[in-house]
Amino acid sequence: MDYKALIEEKDGLRLTGVKNFHPRHVFECGQAFRWDRLDDDGEHYRGIVAGKVLEVKREGEDLFLRHATREDFDQGLRRYFDFGRAYTPLKKRLAQDPCLKEAVKEGWGIRILQQDPFETLISFILSSNNGIPKIRQGIRAISARYGRLISGEGDYAFPTPEELSRATMEELYGLGVGYRAKYIHGATAQVCEAQRLKKESQKRSLTAEEEEAAALDLEELEKLSTEECYERLQKFVGVGPKVADCVMLFSLGKTGAFPVDVWMKKAMDYFYQVEGKSLPRIREAGQERFGTLAGFAQQYLFFYAREKKIRIE
DNA sequence: ATCCAGGAGCAAT
DNA sequence: ATTGCTCATGGA
């Protein structure tokens, strides 16, 4: 366990004796897009989780979750922050690898968040060939237009599939998400159709074609093996290898996923001399080397690569 | 101006 | 199964 005790206070929840958690490492390793830094040293963030505004602040050995209750923690935040997992043994195993030892030292406070699958799906569809500030802006715009108002300060929850399905492609295009508008529109329709067919299947048997569409239900995807889940996710429009890996790792608990983007390509080349290899080959190399810990290895390497701005000639 | 960003779809091979 | 081109958008 990476914390000792929970203490309820008037305006939040305090975790004491917290290990392996640094807000900057958790929120700026490219896995989540709805957290804003409130201080200079990256110990205090404000974000939106499960339709509620939350502040996270590191105070020495404590982690203070403002606006959270013990019920919020038991119901979702514990899982969201991956507090069911002890990171010390995991980091020790990865640090056997001399290259990762350096990366783990740099991003010692990283944890892999378990986020909402639909929000993660749409967020990473938006991420393709896009910059992080622009991704954040797009998610904010989508939430403000289609999500529920959740505070008096203009905070909006990410829309449910039902809510986002009311968006037209033209409206989405107008939010500045570029050519990804049709992907977001299409993938949302696929999610809604899968949900509809799942209910329908309780009343009657589905045709083969309907079965295939129903298989895209996000709750069903979580039950699949890593490779089956990987293949299935890529049936969503706008979802290829990279986005599928991100959705698996950041929302479906598949720790063996190994998202490979331009930064990972640089990092794998820098550390493991895989230059010239195609993206699928680099993914294979990562999974071969790190197995079920591939996702963690990837996050430490990604954070290190961006932090050090490593360049390959 | 050209290049790049947590890439994917599509056609051609 | 793999490679090359194209796809909006804004910042460097």
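Remember, predicted model here, so these are calculated numbers, not experimental data. Protein chains get the first letters and strands the later ones, always in sequence-line order, with residue 1 at the start of each.
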How long is the line joining CG of A/Leu126 and C1' of B/dA8, in whole Å?
13 Å
Atom pair distance, as rounded to whole Å: CH2 in A/Trp263 and C1' in B/dG7:
16 Å
Does A/Arg70, at its CZ atom, have more than 12 non-hydrogen atoms belonging to other residues, nucleotides or ligands within less than 6.0 Å?
yes
Using whole Å, what does the distance between atom P of nucleotide C/dA1 and atom CD of A/Glu231 come to?
10 Å
Which pairs pass salt bridge (Lys or Arg N to Asp or Glu O under 4.0 Å) with one or both residues in residues 108-128 of chain A, sequence neighbours excluded?
A/Asp2-A/Arg111
For the side chain of A/Lys266, starting at C-beta, report the closest nucleotide among B/dA8, C/dT3, B/dA5.
B/dA5
Going by the angle between their ring planes, with limits at 30° and 60°, are A/Trp35 and A/Phe81 parallel, tilted or perpendicular?
tilted
Could you tell me whether A/Gly238 contacts a base, only the sugar-phosphate backbone, or nothing, with contacts defined as non-hydrogen atoms closer than 4.0 Å?
sugar-phosphate
Please list, pair by pair, any protein nitrogen or oxygen found under 3.5 Å from a nitrogen or oxygen in nucleotides 5-12 of chain C.
residue	atom	partner	partner atom	Å
C/dA8	O4'	A/Tyr179	N	3.3
C/dA8	O3'	A/Tyr173	OH	3.3
C/dA8	N6	A/Asn129	ND2	3.1
C/dA8	N1	A/Asn129	ND2	3.4

Can the ring centres of A/Phe290 and A/Tyr300 be said to be less than 6.0 Å apart?
no
Could you tell me the separation between the CD atom of A/Glu284 and the P atom of C/dA1, rounded to a whole number of Å?
13 Å
Are A/Phe33 and A/Phe250 near enough that their ring centres are under 6.0 Å apart?
no
What does A/Phe236 touch in the nucleic acid at a heavy-atom separation under 4.0 angstrom: a base, only the sugar-phosphate, or nothing?
sugar-phosphate
Lys/Arg N to Asp/Glu carboxylate O, A/Arg204 vs A/Glu210, below 4.0 Å
yes
Would you mind reading off the distance between A/Leu279 atom CG and C/dT3 atom P, rounded to a whole angstrom?
10 Å
Quickly work out the A/Ile135 CD1 to B/dC4 P distance and round it to whole Å.
17 Å
Answer with yes or no after comparing the ring centroid distance for A/Phe296 and A/Tyr87 against a 6.0 Å cut-off, counting only values under it.
yes
Whole-Å distance separating the NZ atom of A/Lys265 from the C1' atom of B/dG7
14 Å
Please check: side-chain N/O of A/Lys254 versus main-chain N/O of A/Leu224, any donor-acceptor pairing under 3.5 Å?
yes
Quick one, which residues of residues 292-303 of chain A touch DNA chain B with a heavy atom under 4.0 Å?
A/Gln298, A/Gln299, A/Phe302
What about the rings of A/Phe271 and A/Tyr304, do their centers lie closer together than 6.0 Å?
yes
